Amino acid sequence: MNISSVAQTPPDYLSVLNPEQKEAVIHAGSPLLILAGAGSGKTRVITTKIAYLIGKLGYDPRSILAVTFTKKAANEMAERARRLEPRAQYTQIRTFHSFGAWFLRLFAEEAGIDPHFTVYDEDDMVTLLTRAKPGLLRKDAAEAVHYISRVKDYCLAADADDFSPLDVPERFQELYLLYDKKLRETGNVDFGDLIMLPVRLLSTNTQIRSMMFERFKVIMIDEYQDSNVAQFHLLQQLAGPETYICVVGDDDQSIYSFRGAEVENILTFQDHFAGTQIIRLERNYRSVEPILNTAGQVISCNTERLGKTLRAQREGGAKPVLAFLPNQEDEAAYCAELITRSHEKGCPYADWAVLYRTNAQSLSFETEFLHRKIPYTVVGSLKFYEREEIKDLLAFLKFLVNQKDDVAFLRIINKPARGIGSTTQEKITAHFTALEQNTQFSGGVHQGYLEACRTLLSVLPKRARTGVSEFVAIIDDLLALLPAGDNGAENVLAEVLAHDAEYPRLQSNESQECLSVFIQKIAERSGLLEYYKAADEIAQTQRIANIEELVKSADLYPLSLSGLLEFLDHIELDRILESETDSEKDAVTFITLHNTKGLEFPRVIITGLEAGIFPRADKHDRSLEEERRLFYVGITRARDELYLTSCNTRRLYGRTEFLYPSLFLYDIPLTAIRIIGNAPKSFLAGTRSQSGNHSVSQPHPLAGRWVKGSRIYHDEYGYGWIIKGECVENEYVITIQFENGSSKKFMPAYQSNSLTLIMEE
DNA sequence: TCACAGTGACTTTTT
DNA sequence: GTCACTGTGA
């Protein structure tokens, strides 16, 4: 690692960079914070930097650790880095969590977990906690699990004295302790552990810590604005005195604080890493000028920013369009119309993206587009790995790896139904617990639930016995098909210090049988294939197709225990994104604003810009700023054309609600956009809805009927009286004070079914 | 073990 | 309005 041998002649890849990008690439020595605005060529800088470190500064590729948040981003980064510098294939380019998993497998023993651990998702966590505390309602377990996840984002273990950054419910710690005890019994980990356990291990074990210092000389983190406190601690632990640290992020694009992301990490980076140099990338190559200006207007309304002004590199382009529509059907029709017209002029459907705040909003678009036969794909509503059939199959895989996996066992013991009801299941669990306690005293090892099943066979009633012995036979058969292989952690020192060997993930599987055959066998032998085949026919679902997809995705992994573990890591940690067939198809993209991060489209429509929908009604101060950043992220996805839509009314929970324009629309100067449709006069006058200051103009035809002081009855809210009647943009709006204390606004014209005027006798 | 009805919730969600 | 969960009864 000779840092002093700087390049004499810059290679090609440097010549395509602008001065700031180049500065960021060749910077060395002190910690570096790159503030990279949307569309400023951030990925290019990171990948070029990796290539430069290896090719020009002579760093060993294996001594570089590059961390991202999504598998997709990691893949893209790895691929692009490799194109610039082939040796970058040996660089550790991973997601935070897959790095944690790699680390924990190496040091499983020291961390007190099974080296064959699998990762529990939130759903599994809830099941586990429900098992740990019988009688706990699933709803309450889910709440506790939510807090457990959050608390782990702050690196607070169950025995912590205080969970003060968070407002945890009463008796939370009791549940947390119980949960963690149960989790450790299974030998598995949850997502939070993948970061928290490495942090704890590194901070207490100096030997391991120096091994990491020895291994990683460079640490780079992408999307740093979305890192949480635990991840910050991990960075601190991994950063030795000699380590070169470079983080890249954009505080204006921090949109995951509800998941524990801590903007403070990027805002205070320079305070924690002495001598930090900051480089700003402010040239935007993506959007045309009017779109970028709009984005700038919006984000400048936030106060908590490091501050950064993007400059458009693309001139020309049209002003964004803001369309006011009567309701969500018209909104969907408007989008469909726009897209159809552009398609007729030769624009591919795939150029378009329809963005919305919540998944539920996709429904009206789906209905409309289906009707008009416009092809579309919905991104990320029902996640592949969350599907029942996939979870079932994965539970089988997990159980084969680890027979103490409580959650997996529970899922598969009686699915498809083998006549093993709750009574039998409880007997097995009780016996398992007894085994667990016995071995704790004797220091022995047991085979978990499988052994518990086997020993109980003789004492079970006939029907249960048949079922359980069938289950045991299935597991035995499948285990016999799985060659043990090595678990990849046998020689930790070699793995950590190896500088030439390729990581097993990239192993070629030509000589070996592949894992997909095995998963196919599981689907058959378990009876799940047959079970879902029948279900598909009854319910017209696609479950078998999903199972096939899972089988296919295991193609690249060898048939061995380590291959299976790797596959599970891949599934759990780096979720399968949309299938290839989807991305090849020419179709409009329907997507939530959150999911658009890192993407771009030539034409973008941001829909549902109404107060209470976006931003959501409960957002204030800091979280309002986060919502605004979300709007900013949405706007900056657009390359050539941007459309914004806002509805006057929307059906919510089966009720038609009257809605005001989104607060964020007031951030944009009227001259910067082209307004079409029936814009509320209060909006044009700049009167914000929140203040409720609507000037009453001429009397409305309905005003004589719904007069102030009248008694009313509402289906949902009960009795009340009208405290205000006003005319807003040709619509008559009344404010009702209900007897339950709440007050609400209604438009009588749209609510005649739920609202009744009580005539006095 | 299954089927049905009543109840409640109903953001966003990289891993 | 819709879905998913929970508990009861056959």
Side-chain angles (χ1 to χ4, degrees), chain A residues 67-75 94-101 119-123 125-126 130 137-143 146 149-150 152-153 189-196 222-228 230-231 253-261 355-361 363-364 379-383 385-386 388 414-425 463-464 467 569-577 591-599 608 612-619 623 626-627 629-631 633-634 650-656 716 753-754:
Chain A
V67 183
T68 65
F69 282 84
T70 65
K71 163 76 175 173
K72 202 175 172 188
N75 280 345
R94 290 174 170 274
T95 64
F96 257 114
H97 291 86
S98 98
F99 173 79
V119 183
Y120 280 155
D121 66 13
E122 294 237 343
D123 192 51
M125 290 168 77
V126 174
T130 322
L137 290 167
R138 219 185 145 77
K139 185 182 111 228
D140 296 331
E143 195 204 9
H146 168 79
S149 300
R150 290 292 75 76
K152 287 191 177 187
D153 287 339
V189 299
D190 57 30
F191 281 117
D193 286 340
L194 289 174
I195 311 297
M196 186 173 83
D222 189 18
E223 304 280 17
Y224 190 67
Q225 77 281 354
D226 287 326
S227 60
N228 61 34
Q231 288 159 342
Q253 292 188 63
S254 165
I255 54 173
Y256 280 105
S257 75
F258 66 92
R259 262 202 100 98
L355 278 47
Y356 37 78
R357 176 66 235 263
T358 63
N359 278 313
Q361 285 166 252
L363 192 69
S364 56
V379 176
S381 51
L382 221 190
K383 264 135 258 115
Y385 61 89
E386 279 173 5
E388 184 190 347
N414 195 34
K415 194 166 189 181
R418 293 182 195 90
I420 307 172
S422 51
T423 322
T424 312
Q425 289 180 26
R463 190 165 142 182
D569 270 3
H570 179 83
I571 294 289
E572 264 335 302
L573 303 178
D574 313 323
R575 267 84 189 261
I576 297 174
L577 273 125
I591 190 167
T592 61
L593 283 146
H594 280 91
N595 270 324
T596 62
K597 204 179 72 173
L599 304 178
I613 303 290
F614 184 37
R616 286 187 56 82
D618 50 351
K619 299 292 173 181
S623 51
E626 176 149 316
E627 293 269 303
R629 290 194 289 269
L630 190 57
F631 186 36
V633 167
R650 187 175 284 274
R651 259 192 340 276
L652 286 172
Y653 312 133
R655 242 175 236 315
T656 304
E716 192 177 339
N753 346 340
S754 52

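Naming convention: chains lettered A, B, ... in sequence-line order (proteins, then strands); numbering from 1 in each chain. Side chains included, hydrogens not; waters and symmetry mates left out as well; all remaining heavy atoms used. Fair warning: this is a prediction, and the values are worked out from it, not measured in the lab.
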Between the protein and nucleotides 5-7 of chain B, list every N/O to N/O distance that falls short of 3.5 Å.
none

B/dT12 C1' sits how many Å from A/Glu626 CD, rounded? 9 Å
Between B/dT13 and C/dT2, how far apart are the two P atoms, rounded to whole Å? 22 Å
Nucleotide N/O of nucleotides 8-10 of chain C paired with protein N/O under 3.5 Å:
none

Nearest to the side chain of A/Ala417, heavy atoms from C-beta on, is which of B/dC2, B/dT13, C/dG7? B/dC2
When the distance from NE2 of A/His594 to C1' of B/dT14 is rounded to whole Å, what number comes out? 11 Å
Would you indicate, yes or no, if B/dT1 has its OP1 or OP2 atom less than 4.0 angstrom from a side-chain nitrogen or oxygen of A/Asn414? yes
Applying side chain to side chain contact (heavy atoms under 4.5 Å, CB included), can you list everything that pairs with A/Val67, at least two apart in sequence or on another chain? A/Leu65, A/Phe96, A/Ile221
Compare the aromatic ring of A/Phe258 with the six-membered base ring of B/dT13 and state whether they stack according to the 5.5 Å and 30° rule. no
Taking only residues two or more places apart in sequence, or in another chain, which ones meet A/Glu626 in a side-chain hydrogen bond (donor to acceptor under 3.5 Å, both in side chains)? A/Ser257, A/Arg629
Taking 4.0 Å as the cut-off, does a side-chain nitrogen or oxygen of A/Thr592 come that near to OP1 or OP2 on B/dT13? yes
By side-chain hydrogen bond (donor to acceptor under 3.5 Å, both in side chains), which residues pair with A/Thr592, not counting sequence neighbours? A/Asn595
Sorted by chain and number, sequence neighbours left out, salt bridge (Lys or Arg N to Asp or Glu O under 4.0 Å) with A/Asp123 holds for A/Arg138, A/Lys391
Would you tabulate the pairs of protein nitrogen or oxygen atoms and nucleotide nitrogen or oxygen atoms of nucleotides 8-11 of chain B closer than 3.5 angstrom?
unit_1, atom_1, unit_2, atom_2, d
B/dT11, OP2, A/Arg616, NH1, 3.3
B/dT11, OP2, A/Arg616, NH2, 3.4
B/dT11, O2, A/Arg357, NH2, 3.1
B/dT11, O2, A/Arg616, NE, 3.4

Tell me, please, which residues at least two apart from A/Phe614 pass ring-ring contact (aromatic ring centres under 6.0 Å, His included). A/Phe631, A/Phe664
Not counting sequence neighbours, which residues clear side-chain hydrogen bond (donor to acceptor under 3.5 Å, both in side chains) with A/Arg616? List them please. none
By side-chain hydrogen bond (donor to acceptor under 3.5 Å, both in side chains) - contacts of A/Glu223 (at least two apart): A/Lys42, A/Gln225
Apply side chain to side chain contact (heavy atoms under 4.5 Å, CB included) to A/Glu388 and list each qualifying residue two or more places apart in sequence or on a separate chain. A/Asp392, A/Arg411, A/Lys415, A/Tyr532, A/Arg543
In this structure, how many angstroms lie between the C1' atom of B/dT13 and the CG atom of A/Leu630, rounded? 12 Å
Contacts of type ring-ring contact (aromatic ring centres under 6.0 Å, His included), residue A/Tyr653, not counting sequence neighbours: none
